[in-house]
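Quick caveat: nothing in here was measured; it's all calculated off a predicted structure. Each ligand, and each atom within it, is numbered from 1 in the order the structure gives.
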Amino acid sequence: MSVVGVDFGTLHSKIGVARNRGIDIIVNEVSNRTTPSLVAFGPKQRAIGEAAKTQETSNFKNTIGSLKRLIGRSPNDPELEIEKKFLNASLVDVNGTVGAEVTYLGERQRFSATQLVAMYFGKLRDTTANELRTPVSDFVIAVPGWYTDIQRRAIQDAAAIAGMNILRVINDSTAVALGYGITKTDLPDADHPRHIMFVDVGHSSMSVSVIAFSKGQLVVKGTGYDRHLGGRNIDYALLQHFAAEFKEKYRIDVLSSQKATFRLAVGCERLKKILSANTEAPLNVESIMNDIDASSKLSRDNYEALIAPVLERIAAPLQDALAESGLTIDQIDSVELVGGTTRVPAVRARIQAALNGKALSTTVNQDEACARGATFACAFFSPTFRVREFSIKDTNHYPIKVSWDRASGDPDEDTELVVFPRGNSVPSTKVLTFYRKEGFEVHAEYAEPNTLPGGINPWVARFTAKSVPPDPSGDFTCVKIKTRLNLHGIMGFEAAYAELVEEREEPAPMEVDGGAAENAPPKKKRAIKKIDVPFIVGATSLDQSVIEKLRELEAQMHATDKLVQDTEVTFPSLLATCEWPTDDMIIALQDRKNALEEYVYDMRGKLEDRYAAFVRPEEKEKLLHMLQEAEDWLYSEEGEDANKSAYVAKLDALKTIGDPIVARYRETEERPRDISQLRQTI
Ligand code: ATP
Ligand code: MG
């Protein structure tokens, strides 16, 4: 089992793996440590991650981002209006959930957000497998602490569609805390924990957590969120500002054109980053529209005035987390910053001001802490990778209640109960008791729907028992239902059993002194017998049959992508069609061409030297001849510009002759060496 942790970001994701006795953040096909969270559709294939980013400008209508903001939402969720400000593709209803409509393979097609996330997870899986050179199926994924049951289940469905398995859906700020705590060797005793506040301001949301660390454990004491506060809100404020300015200056309405808006947004993000380190920054957008090259500049002071409404909102989540923890700011030992947007000086200043001037610290890696933590969380599941024991006590953010119909006519009988209040530890199991004579239903839902994100469905799950076994006494049967808020923060009904009271007559014990026992009455003994109650559970996860269908469809699209890359992509085609050559295609093609070239030179040299004693003369002659042919082909017009399959096929043909030679060499050369090494170590 490989150990993989993913920080699924709005803008981009990061992947951590455990190897070489530590945790590494891996690089993707273009050597970046982050992979854009984008999925795009083209006339022949999909482009995902870096490839999607490369073609975004020319194909923005078929490029979908904000994946983690869309998954788990219904098509009429009012918060989708907010998401639309940051999206270019059109959102549609796909079987009752939100999805996107795109042009793919020349046709209009619809994919649900769950499918889009599955496509993206598949890309992360391939990137990881490529780096580790082994198939990857298990991973831990970090999601916002404000995700609800339906969002978490949709993430699991997406993984299942991608043929993967999530060992834990971990809250992102908890992952950051784990990565921090597990490496500390000087943590105090549980009586005097060290309190750290983590503040993560990313691209679309802000998360704050207050954590108590002590030897071998972390306890989440309080959390605070603003689901709509991040770098993209700053970009948006800048976009509005410059659009207004250009209306005056150039008489163009940038916002009336999707393409121009997209270009200006790219310019604004760049300008924002420059302003993090400079007091003034230029903005240049070439041929923004109507052949106009637009330019402007912005000073730090004006910038901060423009984004004031965004900055205003920073204090609230900090105060929420602190209030829930029951601590004062003086009791917090350190405040750690995470997320790209904490690089904005005004954001830092605002955080500091809201915390009474407390010093801010950046000892954790702002961009990678979350992925590292998720990877540690994954390592706990691994039988081979050993990590220090560390217990995580996370908490529930939204209270969950269960409700039922009265069984008796008693109007005073309760019909609902909050089973998992806010702050309840996660995971957690609770047993509910019902007295019933007939089958019954229990519904689980969020108790305070108005605190949930947007129009998220507050319904969680339904328990149905068709019947209950009768109690021998003729009374109501005592039915116990086990409910669990599991490791992923997902609630379910796990077991149900009836507790039947049986009265058994037991013969009176014999008198020891041999006296007659006839007169003693038999004793009645009450025994409780447990009988399973059959039940079914309904929840918001996709049906297994639907998952199977979508998994097949995903596998097909994946195979199509690969086929197109292997057979249709050649160097000239890459250069000719600027719209669809993507970095990973170029790399994949170059890689196979290089492999063939290397083999030709390497084998030719070794046949005269290392392998000389292991090759038969006729074999050598044949292989040398084939190597020469391959070399000539590589430098011919055809070989220069072939497709990936052609390079692979040539190499395979050479290896059919070459591999047995190499194997013979290894047998005789390396085995004795192994043995001698072994002797030395003994
Ligand atoms: P989220 O956590 O909200 O899902 P994410 O994890 O993808 O999003 P991060 O990678 O933490 O987000 O941060 C990305 C944001 O940080 C972007 O808005 C980006 O423009 C911004 N950012 C990155 N570097 C800088 C910088 N030097 N100055 C200002 N902003 C920056
Ligand atoms: Mg993030």
Side-chain angles (χ1 to χ4, degrees), residues 5-16 25 32-38 49 53 65-72 79 82-83 85-86 117 120 124 141-147 151 155 170-177 179 198-209 223 225-239 265-279 281 298 300 303-304 306-307 310-311 313-314 317 336-351 362 364-374 453:
V6 169
D7 170 10
F8 180 32
T10 308
L11 194 63
H12 33 227
S13 301
K14 300 106 197 167
I15 310 168
I25 300 298
N32 282 339
R33 295 167 79 86
T34 64
T35 296
S37 302
L38 291 174
K53 184 84 198 157
S66 297
L67 301 170
K68 86 187 242 194
R69 312 282 307 180
L70 301 177
I71 190 165
E79 284 196 357
I82 301 175
E83 297 310 317
K85 296 201 298 199
F86 306 103
V117 171
Y120 185 65
L124 298 182
I141 187 149
V143 302
W146 51 261
Y147 255 26
Q151 290 166 301
I155 287 279
I170 192 168
N171 291 334
D172 50 15
S173 41
T174 306
V176 172
F198 294 93
V199 183
D200 179 351
V201 191
H203 188 56
S204 68
S205 93
M206 170 170 177
S207 300
V208 184
S209 62
T223 55
Y225 305 106
D226 187 327
R227 299 184 298 261
H228 299 284
L229 198 169
R232 67 178 194 171
N233 301 91
I234 296 178
D235 301 345
Y236 192 76
L238 293 174
L239 179 78
V266 172
C268 289
E269 198 203 353
R270 201 176 304 133
L271 172 117
K272 170 185 75 173
K273 287 187 178 167
I274 300 172
L275 279 174
S276 291
N278 300 275
T279 51
L298 193 66
R300 173 87 69 78
Y303 166 64
E304 293 181 359
L306 274 177
I307 63 169
V310 182
L311 300 173
R313 299 172 56 168
I314 286 177
E336 296 287 340
L337 298 182
V338 192
T341 301
T342 55
R343 290 202 175 84
V344 176
V347 169
R348 289 185 185 214
R350 219 28 106 85
I351 295 171
T362 47
V364 296
N365 182 317
Q366 237 167 325
D367 300 311
E368 300 178 351
C370 181
R372 285 174 56 78

side-chain contact (heavy atoms from CB on, under 4.5 Å) partners of Ser276, counting only residues at least two apart:
Val344, Pro345
Any sub-3.5 Å donor-acceptor pair from Asn365's side-chain atoms to Asp367's backbone N or O?
yes
With sequence neighbours excluded, what pairs up with Arg300 under the salt bridge (charged side-chain N to carboxylate O under 4.0 Å, His left out) test?
none
Any donor-acceptor N/O pair, Ser207 side chain to Asp200 backbone, under 3.5 Å
no
Neighbour list for ligand 1 [protein residues, heavy atom under 4.0 Å]
Gly9, Thr10, Leu11, His12, Lys14, Lys68, Gly202, His203, Ser204, Ser205, Gly231, Glu269, Lys272, Lys273, Ser276, Gly339, Gly340, Thr341, Arg343, Val344
Indicate yes or no: does Asp235 engage Lys272 in a salt bridge with an N to O separation below 4.0 Å.
yes
With Pro144, which residues qualify under side-chain contact (heavy atoms from CB on, under 4.5 Å), at least two apart?
Lys68, Trp146, Tyr147, Asp172
